[in-house]
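In what follows, a structure is listed as structure tokens, so that the remarks can point back to it.
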Amino acid sequence: MFGNLEKGNIVDIVEKYSSKNKQQEIGKIEEEKNFQDFGTVTYTEKTRAVIKVQDGCNNFCSYCIIPYAKGRVRSRKIESVLQEIGEIVKKGIKEVVITGIHVASYGKDFEDGTQLIDLLEEINKIEGLKRIRLGSLEPNLITEEFVKRLGKVDKICEHFHLSLQSGCNETLKRMNRKYTVEEFEKGVTLLRNKFPNVALTTDIIVGFPGETDEEFIITYNFLEKIKFSKMHIFKYSQAN
């Protein structure tokens, strides 16, 4: 048996097991503090590559196993990210998608105060790169300061996926999400003021435990109010 920490050594582990028929003890993911850097990505599209810059999550949403399976927030060094993107741009890649398990938390484990926007500003300087796209973001990342600086990242794609999950504050509390619908709407307003043609998408969980018909209608009305470009709607299902 092996776990998330050992995935970079999967070939060696399989070979060791094959020769000795002996299991290897897995590491303790909750104690891991460093980003596991695999180097240059393998990409299949001709012009786009997905760049993972962060792993783990500290939020502990009530429906999510990720902090237990993936551990706490671990961010990739800026130098490593820039090196990888620089290399693949030379091979013809024009667009990168910056992603992670909880990409909005990028830099929270650094002691120098580095944040996601700092990384984006550095990526924006890479010659030959045409577009920067962001993966799913937490709504509380969208502050006035973040949007102001993001507006100067001229390679950013004006599409942002803000993970809402519910448009009702009572449901959000039971989900242990770290924002209110009022804070979410404020972030939407900031983005639309800075990027008039912005496309906003989101995720929604319906049928969450305890959700009443009234709470469902509150979410429905909130979604109509925000007018997303696209929504991913998921029916809650309890894991077996």
Side-chain angles (χ1 to χ4, degrees), residues 45 47-59 61 64 66 73 75-76 78 81 85 93-108 114-126 129-169 172 175 177-205 219-234:
E45 297 188 57
T47 61
R48 178 191 293 180
V50 176
I51 309 296
K52 184 175 182 180
V53 303
Q54 178 274 337
D55 208 345
C57 181
N58 296 348
N59 278 4
C61 296
C64 185
I66 282 178
V73 169
S75 305
R76 187 176 177 186
I78 284 184
V81 177
I85 296 176
I93 290 295
K94 303 298 182 183
E95 176 181 322
V96 291
V97 183
I98 304 304
T99 189
I101 294 297
H102 194 269
V103 71
S105 291
Y106 178 86
K108 286 186 179 298
T114 297
Q115 302 176 29
L116 179 62
I117 189 62
D118 298 304
L119 174 64
L120 297 177
E121 289 171 344
E122 292 302 313
I123 294 174
N124 196 59
K125 299 174 184 178
I126 297 177
L129 183 65
K130 301 298 183 183
R131 297 179 297 278
I132 304 170
R133 193 179 298 275
L134 288 170
S136 180
L137 300 174
E138 286 294 292
N140 44 22
L141 173 72
I142 312 302
T143 63
E144 291 185 15
E145 177 66 17
F146 179 83
V147 173
K148 179 181 179 181
R149 292 173 64 179
L150 190 65
K152 299 177 182 179
V153 179
D154 57 7
K155 296 176 182 178
I156 199 72
C157 293
E158 297 183 6
H159 163 229
F160 305 102
H161 186 88
L162 304 181
S163 186
L164 175 59
Q165 306 304 357
S166 174
C168 174
N169 283 333
L172 289 173
M175 291 179 169
R177 301 292 283 175
K178 305 300 190 296
Y179 52 85
T180 64
V181 293
E182 291 79 15
E183 292 167 337
F184 185 96
E185 187 173 3
K186 181 180 179 180
V188 167
T189 300
L190 288 171
L191 287 171
R192 284 182 168 153
N193 286 342
K194 177 60 68 173
F195 306 101
N197 298 315
V198 69
L200 297 176
T201 56
T202 195
D203 298 320
I204 298 293
I205 299 174
T219 290
Y220 182 90
N221 291 336
F222 185 73
L223 299 179
E224 282 206 323
K225 180 181 181 181
I226 297 299
K227 299 186 184 303
F228 292 100
S229 300
K230 187 176 181 180
M231 297 180 289
H232 298 160
I233 311 295
F234 301 90

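FYI, the numbering just counts along the sequence from 1. Heavy-atom basis, side chains included; hydrogens, waters and symmetry copies ignored.
To the nearest 0.5 Å, the span separating NZ on Lys108 from CG on Leu116 amounts to 10.5 Å. Taking CD1 of Ile117 as the start and NZ of Lys152 as the end, the distance is 10.5 Å to the nearest 0.5 Å. Interatomic distance, SG of Cys61 versus NE2 of His102, reported as 7.0 Å (0.5 Å rounding). Put simply, CD1 on Ile126 and CD1 on Ile93 are 12.5 Å apart, with the number rounded to the nearest 0.5 Å. Interatomic distance, SG of Cys157 versus NZ of Lys130, reported as 13.0 Å (0.5 Å rounding). Between Thr219 atom OG1 and Ile204 atom CD1 the span is 6.5 Å, to the nearest 0.5 Å.
The shortest heavy-atom contact between Tyr106 and Ile78 is OH-CG1, 3.3 Å. Considering every non-hydrogen atom in both Val73 and Asn58, the closest pair reads N-OD1, 3.0 Å. Nearest approach of Ile66 to Cys57, heavy atoms of both residues: CG2-CB, 4.0 Å.
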**Candidate pair Lys230 and Thr202, rule side-chain contact (heavy atoms from CB on, under 4.5 Å), full reasoning** = CA-CA 7 Å; Lys230 187 176 181 180; Thr202 195; over 6 Å; no
**Test side-chain contact (heavy atoms from CB on, under 4.5 Å) applied to Asn221 and Lys225, step by step** = CA-CA 6 Å; Asn221 291 336; Lys225 180 181 181 181; over 6 Å; no
Result block: side-chain N/O donor-acceptor pairs under 3.5 angstrom for residues 135-143, not counting sequence neighbours:
from	atom 1	to	atom 2	distance (Å)
Glu138	OE1	Arg177	NH2	3.3
Glu138	OE2	Arg177	NH2	3.1
Thr143	OG1	Phe146	N	3.1

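Glu182 is linked by a side chain to side chain donor-acceptor pair (under 3.5 Å) to Asn169, Thr180, counting only residues two or more places apart in sequence or in another chain. Remark: Lys194 pairs with no residue by the salt bridge (Lys or Arg N to Asp or Glu O under 4.0 Å) rule, at least two apart or across chains. With sequence neighbours left out, His232 forms a ring-ring contact (aromatic ring centres under 6.0 Å, His included) with His161. Under the salt bridge (Lys or Arg N to Asp or Glu O under 4.0 Å) criterion, Glu121 pairs with Arg149, sequence neighbours left out. Taking Glu158 as the reference, nothing meets the salt bridge (Lys or Arg N to Asp or Glu O under 4.0 Å) condition, with sequence neighbours excluded.
Leu129 is listed as a side-chain neighbour of Lys155, based on a closest heavy-atom distance under 4.5 Å. Contact annotation: the side chain of Leu191 approaches that of Leu200 to within less than 4.5 Å [non-hydrogen atoms, C-beta and beyond]. Side-chain contact check for Ile98 versus Arg133: every heavy-atom pair is 4.5 Å or farther apart. Contact annotation: the side chain of Lys94 approaches that of Arg131 to within less than 4.5 Å [non-hydrogen atoms, C-beta and beyond]. Counting only heavy atoms from C-beta outward, the side chains of Gln165 and Asp203 approach each other to under 4.5 Å. Ile51 has its side chain out of reach of Val97: every pair of non-hydrogen atoms, C-beta onward, lies at least 4.5 Å apart. By the 4.5 Å heavy-atom criterion applied to side chains, Thr99 and Val103 are not counted as neighbours. In this structure, the side chains of Leu120 and Leu134 come closer than 4.5 Å at one or more pairs of heavy atoms.
Not one N or O on the side chain of Asn193 forms a donor-acceptor pair closer than 3.5 Å with the backbone of Leu190. With hydrogens and angles ignored, the 3.5 Å screen pairs no side-chain donor or acceptor of Lys186 with any backbone N or O of Val181. Side chain of Arg76 to main chain of Lys52: a donor-acceptor pair is present (N/O by atom type, distance under 3.5 Å, no hydrogens or angles). Remark: the backbone N or O of Leu164 is paired with a side-chain donor or acceptor of Tyr179 at under 3.5 angstrom. No donor-acceptor pair under 3.5 Å is formed between the side chain of Ser229 and the backbone N or O of Ala199. Using modelled atom types, one side-chain atom of Lys178 and one backbone atom of Asn59 make a donor-acceptor pair closer than 3.5 Å.
Residues Lys125 and Glu122 are paired through a salt bridge, judged by an N-O separation under 4.0 Å between the basic side chain and the carboxylate.
Residue Phe234 qualifies as enclosed at atom CZ: its count of foreign heavy atoms under 6.0 Å is above 12.
Phe184 and Phe222 have perpendicular rings, their planes meeting at more than 60° on a 0 to 90° scale where under 30° would count as parallel.
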